[in-house]
Amino acid sequence: VEVSGVAHALSKSRFQLGLQCQKLLWLKCRRPELADPITELQQHIFDTGTHVGVLARERFGGGMLVAEDHTQSSQALETTARLMADPPAAIFEAAFVHGGVFVRPDALVRAGDAWDLYEVKSGTKVKPENVTDVAVQVWVLEGAGLKIRRAYLMHLDNTYVYAGGDYDLGSLFAAEDVTADVRVWVPAIPDLVAEMLAMLDGPEPERRIGKHCDNPYTCAFYGYCHASLPERAITQLPRVTDELIASLLAAGIQAIDDIPPHFPGLTTAQRTVCETLRRGTARFDPRIEAVLGRLSFPIHFLDFETMQPALPLYPGTRTWQQVPFQWSDHILEADGMLRHCEFIAEADGDPRPAFVASMLEALGEEGSVVAYHASFEDTRLRELAAALPAQANAIERVRARLFDLEKPVRDFVQHPELLGRSSIKVVLPALVEGLGYDGLDIREGGTASLRYLRCALGVTGVDERAKVLEDLRAYCATDTLAMVELYRTLRREAGA
Ligand code: SF4
């Protein structure tokens, strides 16, 4: 593999891919056209990383940037060599190659005749995969003749509370010294690199699917490797382990439907899924009726949408904080009457005060408040109470009325299509006929969050913004109407 004429096979990110799965690295280098298309969400994550990286440079108070991009590797090496002849105090995106590996450290800061290396991440803590990421860079830099004094992982600090105006970069970023962990890895790098380079010279390696397909990152070739699996693949078993997948595949079993009743190594939950599938019919435990019968009218079916800006947008918020911007409430009266209330902020400032005021008014003081996977709404309410002390008591009273509709589904429903899962997007098509998200432009929470965030960041134009807000209204209202229908279905089936 060559990049712009530089004879190297691996970049540090490809080295990371090779650690996750050799087949993944091989496909990335030899058959990149087989990769899954990049989703809107993935692109946003890449862009966020780039943006945070650029901001982090300002924290060093000056330095030289090697500006050539990833298509100009040879020129980047030349520029770096020129700069290193009379080294500046700090150098960003410098290019080095050694032993067949090409790296561009985010920042190198001079420390006498040595250098400190900084790797910038947009997360909020050091993850195990960050250490190998830095270790391969240290190995290349030292191989290229640099002395590395210390290695740091610089990440966003979620204890920093934004005060408005310019960010306090010294507080927004935290630099953790990872030198000791990195030094443990460095001696292992040459053998790992040699193994990967040899593998890349050969045919596509054999590798079974398993937990590594999602860990530490969802593999870009997930679709390619999983395409031959049947609809209810064994990978969908609840809490399935690599060992169980391997023993099922070794027995020639790819579909949950084909797992024999006494196959060894299944957990109780996995056996229940297999039995439910074999039976082919749903079971609703009559205890559902007692649980749902305790809810008091008017029942509010409530759902929040939130955005999570990596860099805080509003005073009083932190990095990656969930900021609620929309709620929907379907209100069911004892006589069966249904009303709908909703709120969505206009994306022109901190949405939380108007969000809370409108929500408290709609919820009043009476009736149960039903959410699906209610711990999410409960945590947001707790955060809102802390952020808006004047409303804290009223918010706490809402929290006391919360009921989680996911719980009776998880505890009391067995359905062949659920395969032990209980997320609303799986439960709804299985249990409620004719109500779904088809036809909506926004169909899941991640897209809702991202589309709104783009409006809040001012990336989305004014015309498009009206359409996004409309799509969000339709999406969130569908979520709460879905809960009403699910509640009705559960009561009907459990009482039948
Ligand atoms: S899907 Fe899994 S097995 Fe296939 S290349 Fe990716 S990580 Fe490897």
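All values reported here derive from a predicted model rather than from experimental measurement. Counting convention: from 1, in listed order, for ligands and their atoms alike. Residue numbers start at 1 and run along the sequence shown.
- For ligand 1, the atoms lying closer than 4.0 Å to a non-hydrogen atom of L24 are 5 (S).
- With respect to E406 and R421, no salt bridge is recorded, no charged nitrogen being found less than 4.0 Å from a carboxylate O.
- With a 6.0 Å radius and a threshold of 12 heavy atoms from other residues, nucleotides or ligands, K425 has its NZ atom above the threshold.
- Summary of contacts: the protein heavy atom closest to atom 3 (S) of ligand 1 is H212 NE2, 3.7 Å.
- Environment of NZ in K121: crowded, with over 12 heavy atoms of neighbouring residues, nucleotides or ligands closer than 6.0 Å.
- Of the protein's non-hydrogen atoms, the one nearest atom 6 (Fe) of ligand 1 is C219 SG, 2.3 Å.
- Ranking protein heavy atoms by distance to atom 4 (Fe) of ligand 1, first place goes to C225 SG, 2.3 Å.
- With salt bridges taken as basic N to acidic carboxylate O contacts below 4.0 Å, one links R473 and E470.
- Annotation: cation-pi pair R57/F60 absent, no NZ/CZ under 6.0 Å from the ring centroid and within 45° of its normal.
- Among protein heavy atoms, the minimum distance from atom 8 (Fe) of ligand 1 is reached at C21 SG, 2.4 Å.
- Proximity of C213 to ligand 1, defined as any heavy-atom pair under 4.0 Å, is shared by backbone and side chain alike.
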